[in-house]
Amino acid sequence: MASTTVSDDVYEETSTVVLSVLQNAVSKLGIGEDREGTATVCLEQAIQLLQYLDDAANSFSFDESTNNDATNNSYSPKETIDIGSIYTLANTAQSTSNSLHQLVRRANQSKYRHPKKSSVHAWRGLQKVVGSAFGVDELPSSSTADDSVKIQRLSRAIALLALGILLSVQTSPDIAIANEDKGGEKATSKMVISAVFEGKLEKEEESEDQLILAAVRSAVVDLLHLAVSRDENTIELQVVAKLQGGFGLGEKQSPDDELGVAVSKLVKKEFESETTNEDASTRIICKNVATPLLALIASTRPWKYIEVDKAVSIAAENDLWFSAENICDAVMDSMSPWTTSDGKTATADFNDNLQSDSFAHVAVRAIVDIAFDHRLYRRADHFASKYYSVVGPQRYAQARFLHACDTIAKLVKKKQSQIIDKQVDRVDEAVKRAITDLDLSTTKPIQATTDDEYGDEIPLHNMSEHVREFSLRRLRAANMHSAAIRLANLWSMEYEHNAEQMMIEAKRRKLIYLQWNDGGCPGNDDAGGFAALPELISDCNLLFQQFSILEKNPERTVGFDCEWGDDVRGVSLLQLSSTIHSLLLDIPALTSSKDGVEALKATVGKLFCGSTHVLHVIGFGCKEDFSRLRASPSADLWFPRNIIANDLRQLISETSGLGGKGGMHLGLSRACEHYLGKQLDKAEQCSDWSARPLSTEQREYAALDAWACAAIHAKIAETHKILVVP
């Protein structure tokens with residue numbers, strides 16, 4: 001049997017921590033009249049179980065023919081044992097942890113030199129040795145439960161708990177020595193943790209479960225307090241979350257105030273102390289810490305003690321969508337009775353739900369809004385459908401409409417027009433459901449109650465018509481006229497692809513949407529300065545020349561926007577505009593050469609760090625723009641980390657109240673209608689921005705997006721003198 005006396009190798013401070021946490025936890029496990037005697041027996045058997053696991057790990061060979069005896073032996077606890085202290089239990093857990101880590105290292109050093117092969121064999125080895133000790137199949141079934149079975153289950157819980165506490169505090173000297181291979185050792189630790197906590201204990205007697213949960217709860221609370229009190233992340237939160245989830249702590253239980261407070265303190269430390277910047281996308285968080293902490297939030301439900309919408313926002317902004325959705329699921333589940341047992345949300349009393357400021361509403365709206373801001377319309381559609389009673393019919397229909405347009409644009413690009421009508425049908429179904437739930441007729445216009453809140457959306461009663469028009473325009477632009485004619489006939493619409501018909505359609509759209517040559521826009525000569533629709537800039541010299549003109553604009557204001565495609569992480573296009581001059585920068589082309597990167601640094605880089613003649617750099621809901629710019633090629637060489645720019649959406653909210661708190665529910669199209677008299681045509685938003693050359697419609701849409709930011713800012717500056725440039 002492997003030695004359990006490793007105290008000389010255990011660091012004194014962390015060893016004391018393990019002993020303290022373990023003693024508090026085990027103290028909750030006394031049962032029956034003979035409390036002390038029962039606890040002692042459980043301790044003794046837990047030590048034996050860990051010793052068995054230690055032996056199995058040390059004797060395991062990756063030559064499968066030699067493992068039959070070692071891994072198939074069932075664990076059989078002895079009647080008595082002459083050691084039973086918490087100290088011995090901690091040391092035994094320490095030795096077992098070292099042996100499990102060493103098993104993985106042996107796999108990495110074995111004949112399986114390929115990393116993937118060695119990882120697979122290491123995982124299989126861990127599963128065998130852990131399963132031989134902790135396997136549920138080796139326990140008698142609940143039908144034969146008696147005191148010995150109860151003690152056996154409690155013993156296994158103590159063993160798991162001891163090993164979990166040890167792994168969470170990371171006292172292993174072998175682990176500490178491996179600083180030169182931190183990445184590999186982290187992967188080893190994660191594999192060990194996953195193997196140990198791969199399954200849950202089966203539920204048996206309720207009183208027995210309560211004892212186990214009390215012990216686990218004590219350990220989790222103590223470990224969370226330690227994580228808060230320590231300056232560095234020396235508590236492995238992944239293990240804490242595994243302890244909490246593996247034993248079912250928090251499942252179908254009433255909110256636990258002490259546990260909620262402990263989680264909230266750690267949330268404050270990890271998510272709020274890093275920076276005071278309200279932009280969650282700029283927060284630097286460690287995903288190895290954030291992911292288990294977000295899982296703890298979802299399972300412990302500390303809604304009274306945290307700002308749940310901020311937790312959801314941080315998760316989503318850092319691409320932890322699964323964690324964000326888990327929190328939303330948990331908070332929705334806790335908002336009974338208007339959620340059903342099968343996970344579907346009710347539509348009764350819908351208007352009351354919309355006006356509520358419950359935890360569920362702020363959390364769900366946060367995840368949907370961020371999906372919209374990131375132009376992740378498939379996700380937005382998924383969340384709006386899943387959380388319909390909170391999101392509302394209008395937002396749900398908008399998500400479905402934009403998801404359909406995005407999908408249709410991709411289908412046209414792939415020449416898969418035969419399934420476009422299926423996307424249109426989905427929009428029709430969403431519109432019908434929304435109209436029914438809002439109790440509207442198809443001819444009754446949407447009133448300001450939902451328009452004001454969500455803005456920038458196609459009116460509900462026009463969505464079916466708009467998605468059909470969008471489809472036919474896309475097909476016409478791709479010269480897929482036969483497909484367009486088929487769909488037009490299916491929808492009882494007229495379709496002509498001759499020049500005269502296209503001119504009629506263009507005139508009709510000009511009456512509704514902002515155009516480059518409208519009065520007050522750069523392409524109109526009523527101000528004596530006609531500006532042609534800008535071409536794409538991919539040449540360094542042309543960039544310097546045009547930027548020099550841009551930065552000398554009299555308002556000293558530049559609006560900006562970005563466009564990107566699904567196939568790249570960075571931006572495909574950066575638009576910069578004053579009220580009289582616009583630039584369209586081909587970022588992929590410019591970043592493909594050293595001279596292009598230097599040109600971007602000397603122009604765009606200086607603009608966004610406040611080193612030019614320009615005083616106001618204005619975007620609209622620009623968090624995702626910044627994230628995409630930072631993800632662009634060689635961005636660390638030309639795009640500044642510390643940005644000096646303003647969000648027009650927030651400015652509009654502060655000066656006019658549009659869009660609610662922070663302008664979160666205001667879109668640029670709606671803002672254009674309010675300040676400039678016409679909406680922006682957002683149809684091109686879903687087009688292929690990585691394509692070259694860009695179409696005339698794409699260039700007009702892109703230039704107007706940036707120009708509108710500068711033009712609206714000028715309107716606000718004219719009204720609110722505090723914003724006027726001296």
Side-chain angles (χ1 to χ4, degrees), residues 277-283 309-310 312-314 316-317 362 365-377 380 391 394-395 398-399 402 448 450-458 514 555 557-564 571 574-579 608 615-629 643-682 685 701-702 704-720 722-723:
N277 192 330
E278 290 300 317
D279 182 357
S281 66
T282 65
R283 290 191 180 123
D309 55 329
K310 285 190 176 181
V312 170
S313 296
I314 289 172
E317 294 286 3
V362 297
R365 289 185 180 183
I367 197 172
V368 173
D369 288 340
I370 293 170
F372 270 99
D373 281 349
H374 289 201
R375 303 180 193 175
L376 299 173
Y377 298 127
V391 173
Q394 188 84 357
R395 193 68 155 164
Q398 182 191 14
L402 289 173
T450 51
D451 257 352
D452 282 349
E453 184 174 9
Y454 290 120
D456 199 28
E457 51 199 17
I458 302 295
L514 198 64
E555 289 109 353
T557 298
V558 169
F560 76 93
D561 190 41
C562 299
E563 307 298 339
W564 55 82
V571 301
L574 171 61
Q575 307 101 274
L576 304 173
S577 183
S578 67
T579 57
F608 281 97
L615 289 182
H616 303 295
V617 180
I618 307 293
F620 192 95
C622 41
K623 290 186 295 186
E624 180 66 6
D625 293 321
F626 293 147
S627 296
R628 291 281 182 165
L629 284 165
I643 302 167
I644 299 177
N646 296 308
D647 192 333
L648 182 61
R649 182 159 62 182
Q650 185 174 351
L651 183 61
I652 292 172
S653 176
E654 292 172 355
T655 56
S656 70
L658 287 175
K661 183 180 178 181
M664 180 57 75
H665 303 301
L666 177 69
L668 184 56
S669 182
R670 177 79 195 286
C672 283
E673 184 179 25
H674 180 80
Y675 288 98
L676 306 177
K678 283 186 178 182
Q679 299 179 39
L680 276 177
D681 186 353
K682 306 296 287 185
Q685 186 174 11
Y701 166 83
L704 282 173
D705 254 13
W707 174 84
C709 291
I712 292 173
H713 183 272
K715 291 281 188 180
I716 297 175
E718 185 179 344
T719 305
H720 300 267
I722 56 171
L723 296 175

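Numbers here simply count residues along the sequence, with the first being 1.
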> Are Ile652 and Ile716 close enough, and set up right, to give a side chain to side chain contact (heavy atoms under 4.5 Å, CB included), and what steps lead you there?
Replying inline: CA-CA 8 Å; Ile652 292 172; Ile716 297 175; 3.8 Å; yes
>> Please determine whether salt bridge (Lys or Arg N to Asp or Glu O under 4.0 Å) holds for the pair Lys623 and Asp369, giving the CA-CA distance in whole Å, both sets of side-chain angles, and the decisive distance to 0.1 Å.
In response: CA-CA 12 Å; Lys623 290 186 295 186; Asp369 288 340; over 6 Å; no
>> Working note: Lys715 + His674, criterion side chain to side chain contact (heavy atoms under 4.5 Å, CB included); need CA distance, chi angles, decisive distance, verdict.
In response: CA-CA 11 Å; Lys715 291 281 188 180; His674 180 80; over 6 Å; no
>> Using side chain to side chain contact (heavy atoms under 4.5 Å, CB included), reason through Arg649 and Asp373 one step at a time and then give a plain yes or no.
In response: CA-CA 12 Å; Arg649 182 159 62 182; Asp373 281 349; 3.2 Å; yes
>> Using the rule given for side chain to side chain contact (heavy atoms under 4.5 Å, CB included), can you reason through Leu668 versus Ile712, listing the C-alpha separation, both sets of side-chain angles and the distance that settles it, and then say yes or no?
In response: CA-CA 10 Å; Leu668 184 56; Ile712 292 173; 4.1 Å; yes
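At a threshold of 4.5 Å between non-hydrogen side-chain atoms, the residues Arg375 and Gln685 count as touching. Between Ile370 and Val312, every side-chain heavy-atom pair lies at or beyond the 4.5 Å cut-off.
Taken from SG in Cys622 to CD1 in Ile643, the straight-line distance is 8.0 Å, to the nearest 0.5 Å. How far OG of Ser653 is from CD of Gln650: 7.5 Å, rounded to the nearest 0.5 Å. Atoms CZ and CG, from Phe620 and Asn646 in turn, are 13.5 Å apart once rounded to the nearest 0.5 Å. Atoms CG and CZ, on Asp625 and Arg628 in that order, are 9.5 Å from each other to the nearest 0.5 Å. Of the inter-residue distances, the one linking Ser578 atom OG with Ile618 atom CD1 reads 13.0 Å to the nearest 0.5 angstrom. Put simply, CG on Asp309 and CD1 on Ile367 are 12.0 Å apart, with the number rounded to the nearest 0.5 Å.
Scanning both residues, Val571 and Trp564, for their nearest heavy atoms gives CA-CB, 4.1 Å. The two residues Cys562 and Leu574 have their closest heavy-atom pair at SG-CD1, 3.7 Å. Between Cys709 and Gly559, the shortest heavy-atom distance links the atoms CB-CA, 3.9 Å. In terms of heavy-atom proximity, Ala366 sits nearest to Ser313 at CB-OG, 3.8 Å. The two residues Ala316 and His374 come nearest to each other via the heavy atoms O-CE1, 4.4 Å. Heavy atoms only, all atoms of each residue included: Tyr701 and Asp681 are closest at CD1-O, 3.2 Å.
The closest donor-acceptor contact from the side chain of Asp561 to the backbone of Ala706 lies at 3.5 Å or more, if one exists at all.
Note on ring orientation: taking the six-membered ring where Trp is involved, the planes of His713 and His616 are tilted (angle from 30° to 60°).
Shown here is Lys678, whose NZ atom has more than 12 heavy atoms of other residues, nucleotides or ligands within 6.0 Å.
Under the ring-ring contact (aromatic ring centres under 6.0 Å, His included) criterion, Phe560 pairs with Phe608, Phe626, sequence neighbours left out.
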